[in-house]
Amino acid sequence: MVSVGVIGAGLMGTTHARTLATAVPGAELTAISDTVSEQAERLAHEVAVDRVYGDAPELIHDPGVDAVIIASTAPTHEEFALACLQAGKPVLCEKPLAATAAAARQVLDAEAALGRRLVQVGFMRRFDPGYRELKAALDGGAIGAPLIAYSTHRAPTVPDAFDSEMVITDTVVHDVDTIRWMLGQEMTGVTVLAGRPTSQAPAGVHDPQMVVFECSGGVLVHVEAFVRAQYGYDIRCEVVGEAGTLTLSPPATALVHRDGHATVDLPQRFQERFADAYIAELTAWIASIADGTPVGASAWDGHAATVICEAAVESQKTHRPVAIDLSDKPSLYAAQPEELLVAGH
Ligand code: ISE
């Protein structure tokens, strides 16, 4: 049994704690921390955990905690991930790995200096059955060499505080990781375009945004991020190759024919759309701790996503294409399994 402590009792901490408590073999949820004590107590009560901390480092250093999930706010990730590395404990850190590229580099360098991988970053789409099938088909040569990819990321609503920068750092960051993983190519350049904003956006906020990435293998990637799309949580992906195209199928739902209409329910929240992915992510993470083989997005991937998003924010502000340099990869991350798989492209 791997005994897990969860830092942060907000939205993602609650999602992970519920999943761990009910759906992940080999895991035992033993501790929760949050700086807001009522929040920590509420979640601990719900999932029947009796070790509750106000201070995350205390949870990390609890000898009864084998592994840690960081689901607190982004600015805390660097400190807590470094503490987990210091304590030698495996850690699943929610995205982003850290709030800035410089902070993510600190975590990456600390893990590289340790010489073994303890960090997984919470990019759950890598565990979504649809994305996995799409990647397997691509890797199997189903459409030949990929040329262009489209990634659409729409959410119904966000709080007013969700600004233009967050559309990149909180939303597009997922598309960045998914595309790097799926194509096995690095991103080398980015251009962000913001056109007419929706009337739902606060004054001055760019929503939707169109982002174009160039990849090391020449693939062009078009990402649409629209976080006030109102009608539902709508995630799409298409890869165009030399010999065909691959399209992400949405999770199977029933089509209801009634009163002259054929309708299908759309998910309204990302927790619903990616529920299977979250279970698979935690299940694979726990299994990897038991057998010592890290899976999922690494600290390198987390760092890369942060660097890429910073370049995109620069492009958003300067209205110019921005080059991305990710040439300084520590040797610890030289042969990630995904890259070996797509070496043929
Ligand atoms: C949100 O910020 C997330 O992190 C979710 O995982 C993602 O699916 C959602 O679309 C984002 O806006």
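Not measured: the values here are computed from a predicted model. Just so you know, ligand 1 is whichever comes first in the structure, and atom 1 is the first atom listed for that ligand. Values below: every heavy atom of this structure, side chains too, minus hydrogens, waters and symmetry copies.
Applying the ring pair (Phe, Tyr, Trp, His ring centres under 6.0 Å) test to pairs two or more places apart or on separate chains, those with a residue in residues 14-42 are His16-Tyr278.
Hydrophobic clustering, with ILVMFWY side chains joined whenever heavy atoms are under 4.5 angstrom apart, groups Ile32 together with Trp285.
No more than 12 heavy atoms of other residues, nucleotides or ligands lie within 6.0 Å of OH in Tyr150, so this atom counts as exposed by the packing criterion.
Checking each of Val172, Val192, Ile168 against Val313 for a side-chain contact (heavy atoms from CB on, under 4.5 Å) leaves exactly one that passes, namely Ile168.
Here Arg273 does not pair with Asp234 in a salt bridge; the nearest charged N to carboxylate O distance is not below 4.0 Å.
For the residue pair Asp301/Ser298, the side-chain donor-acceptor check at 3.5 Å is satisfied.
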Show me a pair-per-line table, with atom names and distances to 0.1 Å, of protein N or O atoms that are under 3.5 Å from an N or O of ligand 1.
from	atom 1	to	atom 2	distance (Å)
ligand 1	2 (O)	Lys95	NZ	3.3
ligand 1	2 (O)	Asp170	O	3.2
ligand 1	2 (O)	Asp170	OD2	3.4
ligand 1	4 (O)	Lys95	NZ	2.7
ligand 1	4 (O)	His174	NE2	3.0
ligand 1	6 (O)	His174	NE2	2.9
ligand 1	8 (O)	Tyr233	OH	2.3
ligand 1	10 (O)	His153	NE2	2.5
ligand 1	10 (O)	Tyr233	OH	2.9
ligand 1	12 (O)	Thr171	OG1	3.4

